[in-house]
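To start, the structure itself, in structure tokens.
If you're wondering where the values come from, they're calculated on a predicted model, not measured in any experiment.
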Protein chains: 4
Amino acid sequence: MHSRTPAGRTGRPRSAAADTAILAATREALVELGWSRLSLGDVANRAGVAKTTLYRRWADKHELVVDAVAELFDALRLPDRGSLAADIEGVVLQFASILARPEARSGLMAVVAESTRDDALRERIRTSIVDRQKRLVVEGRARAQARGELPPRTDPAQVARTVDLIFDIVAGAVVHRTLVSAEPADEEWVRSFTRVLLLGLAGAEEAGAGEVEARAGQG
Amino acid sequence: MHSRTPAGRTGRPRSAAADTAILAATREALVELGWSRLSLGDVANRAGVAKTTLYRRWADKHELVVDAVAELFDALRLPDRGSLAADIEGVVLQFASILARPEARSGLMAVVAESTRDDALRERIRTSIVDRQKRLVVEGRARAQARGELPPRTDPAQVARTVDLIFDIVAGAVVHRTLVSAEPADEEWVRSFTRVLLLGLAGAEEAGAGEVEARAGQG
Amino acid sequence: MHSRTPAGRTGRPRSAAADTAILAATREALVELGWSRLSLGDVANRAGVAKTTLYRRWADKHELVVDAVAELFDALRLPDRGSLAADIEGVVLQFASILARPEARSGLMAVVAESTRDDALRERIRTSIVDRQKRLVVEGRARAQARGELPPRTDPAQVARTVDLIFDIVAGAVVHRTLVSAEPADEEWVRSFTRVLLLGLAGAEEAGAGEVEARAGQG
Amino acid sequence: MHSRTPAGRTGRPRSAAADTAILAATREALVELGWSRLSLGDVANRAGVAKTTLYRRWADKHELVVDAVAELFDALRLPDRGSLAADIEGVVLQFASILARPEARSGLMAVVAESTRDDALRERIRTSIVDRQKRLVVEGRARAQARGELPPRTDPAQVARTVDLIFDIVAGAVVHRTLVSAEPADEEWVRSFTRVLLLGLAGAEEAGAGEVEARAGQG
DNA sequence: GGTTAACCGAGACGGTACGTCGGGTCTTATA
DNA sequence: TATAAGACCCGACGTACCGTCTCGGTTAACC
């Protein structure tokens, strides 16, 4: 994570328990107070840790919250429900249920907001959250290809573009639905959304091959 | 907007110029400092206005920024480019270009983040930004129906559901692409995205009619 | 005191009560905690004042304590006990009794210690405390001259030198006795000290005249 | 000094060099930073020693500084300049020149300030500095008696009182002159001061004998 | 000549206070 | 009544030291 392990090996080693306690305390405080009222002094108190210990490990509020929130998304699993549509619906519902938790809602949005002015923070978000969860898309595609639901694809650049596009559509739609529109991403909505997504991808898949080749010929 | 016009009519009237100057100063400060470093004292200075004046009109930082940011999105127009796909691409590119402006990026995300803990703020965002821009989806559908690209729909509840879904997908994907994935929503990406969206909607439209009626019979 | 009255006349004026409360709180805290454990946050609390208010008026702990302590010495009066010796004994006993108060002891010495590294602070001490109390020596001499105990002196430079010398001897001896030697400056000690001082001054007065004239001829 | 020699005799003995290095580093830091900005971590760094080592030997900042400063005054010597007046002037000038050194100025005053709230510290100051230097007064009197400048005195209590009085007057006046009045204790000032002191003592000596006997009869 | 107990360096730890900054309220004089 | 100015209370910031505590490793005296 943040642990740029200190060069030397001397001195008292850092307490591993402190990290855990701090991140848990951060999530707890996010639930109770939200982002804007969360203070690092309070987090340190909750964690039973001195403020200095906290600052020794994280440069500021945002970096801390990225790590605290990132762990939440690691709970996401791609269930095997027999079909691509069902798999997607399953993972989207999980995602929605994480976003229903207050610490995820306000923590995630706050760091994204700050990352618009802080390249290091943006990179940290990408590394700790975004790229980490793209595994779900990759897994899902592989499983669908194994089932014969999707044709095997080999062009790596094209695969990467597609994975990114799917991820932006899925994550973006769910976040927007729950946080901006402030409507629940319930089973009905998820079914509608998944249908649109899969039909769109299927259609694009068919039409896309020739176009890509055509473009490759130009560039 | 915020102007709960004061009851009494006596005394010195509020300066109309102050509102404009404050909102402009807010956007300017957002560009330079981002959300977290923006301070109301500084905004008041830039606007050549006393802090008192500012607080008399907006309850706090977030309300002010919602108003300041909302104006940016009012510039969105639905261009008539001859086809639904082209129209969508046009408006999405506009949206992306607004999100490329730093005041929009950090302002929008910051108020969304705070709105996860503040119902009044969420409502204000919905009123001032979200619902206001859904007009684009409604207009686009109407134009496409006029062109014969889409069949006319009459069930108002179903229409509302579809409009909401489209808006969440479009806005969500563009925001996620630009702010979270931190990749440009350039012409190529917009073309890919639009193709997936339209094919998905077309497919769902065909398949959906019967299903909706069936569900309506149950509910 | 410290009040470099702000240039402009606009805005809310500074609370005069705050000054008084802060200085009183400072002395109270000095009594309870001593210099080193005295914190400005605590002083602000005791005074019922925000820390910012305190810092707006005093640059740091030392400046504040100089002002708080200086007031204590303004209580010194030169009693008319009928003879120069008795007058001196009276004022020295008063001085000793002020130095017996813990806020005076630790406050005074602490600012003197810091003033060895801070010219502005040293000047402040001189202005607020030292020069202010030299009035006692001047008064005492005048009264003794009126009684005929001392011959009238007119050379102002020589008078100033003598006043300074007397002040350094008196203040120095009492401070050293009470704070460094840590013995009480009780009546017996004060009587012995005063006898030495007066006999020394009388002798120097006799022998000094010619020498001074001689030096004046050279310079 | 501070070395409460550890009970057991086994194990690695303490480094003697560390003591020297630490005290020297303390004085060096006092010169550069003054008391208030002096930190023990910094002293340890300068001395090339771990903080642990420092704390194993001195309980806190004040105790350390007493020891560091006390050594400075051990350089005082009573010169034999042929007369009591000249001897006194000589030693007073030495004293003044030590007090001109920044480490002595701020170190001495700081520990005196703190000692007003700390009896152990006051005792340490008395032992390490005050009583240690009273030897100068005792020596000076003895030499003057040998020269026949002073009558031999035998009552030990009276002698002790006189030695204390002289020490308080001399040390107090010089300290006050240099640190509080912030004027130089130069040759001219020292000459004036010594004249007053000696004349005062001579007069008191003559007049005092009978009075002392009288008081002894009462007590 | 191995044991062993106290030493040493490094540096993390729980604390306390620092001096600053911003939020939002208030009190003036002026318009 | 609105305004500009600016003082006010409050609370958090991030930093600096304090004095304590672990570590791994080093000495010297004792056996």
Practice task
Tell whether B:Thr52 reaches the base of F:dA5 with its side chain through a donor-acceptor pair below 3.5 angstrom.
Solution key: yes
Exercise for the section: Classify the side chain of C:Lys51 and the base of E:dG19 as holding, or not holding, a donor-acceptor pair under 3.5 Å. Expected result: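 For C:Lys51, whose side chain was compared with the base of E:dG19, there is a donor-acceptor pair (under 3.5 Å).
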Problem - Closest-nucleotide 5' rank along DNA chain E - winner of A:Pro13 and C:Gly11 - result: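 Of the two residues, A:Pro13 wins.
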Handout entry: Upstream residue (5' side of DNA chain E) when D:Ala18 and A:Ser15 are each assigned their closest nucleotide
Key =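 Its nearest nucleotide lies further toward 5', so the answer is D:Ala18.
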How many whole angstroms separate atom [atom1] of [X] from atom [atom2] of [N]?
X       : N      : atom1 : atom2 : result
C:Arg57 : E:dG19 : CZ    : P     : 17 Å
A:Glu63 : F:dG14 : CD    : P     : 11 Å
D:Leu64 : F:dC17 : CG    : P     : 16 Å
D:Arg56 : E:dC7  : CZ    : P     : 6 Å
B:Leu54 : F:dG6  : CG    : P     : 17 Å

Salt bridge between [X] and [Y], side-chain N to carboxylate O under 4.0 Å?
X        : Y        : result
C:Glu32  : D:Arg117 : no
C:Asp118 : C:Arg122 : no
B:Arg27  : B:Glu71  : yes

[X] side chain, from C-beta outward: closest of [options]:
X       : options                : value
A:Tyr55 : F:dT20, F:dC13, E:dC13 : F:dC13
C:Arg12 : E:dA17, E:dT27, E:dC8  : E:dT27
A:Thr10 : F:dA7, E:dG15, E:dG11  : E:dG11

Problem - E:dG9 OP1/OP2 closer than 4.0 Å to side-chain N/O of D:Thr53 - result: yes
Handout entry: D:Arg14 side chain near F:dT26 phosphate (N/O to OP1/OP2, under 4.0 Å)
Key = no
Handout entry: Side-chain donor or acceptor of A:Asp19 paired with backbone N/O of A:Ile22 under 3.5 Å
Key =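 Flag not set: sc A:Asp19 to bb A:Ile22 has no pair under 3.5 Å.
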Exercise for the section: Look only at the side chain of C:Asp67 and the backbone of C:Ala70, and say whether a donor-acceptor pair between them is shorter than 3.5 Å. Expected result: no
Problem - Within residues 28-47 of chain C: residues closer than 4.0 Å to DNA chain F (heavy atoms) - result: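 Contacts with DNA chain F under 4.0 Å: none.
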Handout entry: B:Leu72 side chain reached by B:Leu108 side chain, heavy atoms, under 4.5 Å
Key = no
Fill in the blank from the handout: 5'-most contact on DNA chain F (nearest-nucleotide basis), B:Val49 vs D:Lys61, goes to B:Val49
Handout entry: Set of residues satisfying side-chain contact (heavy atoms from CB on, under 4.5 Å) with respect to D:Val31, sequence neighbours excluded
Key = D:Pro102, D:Glu103
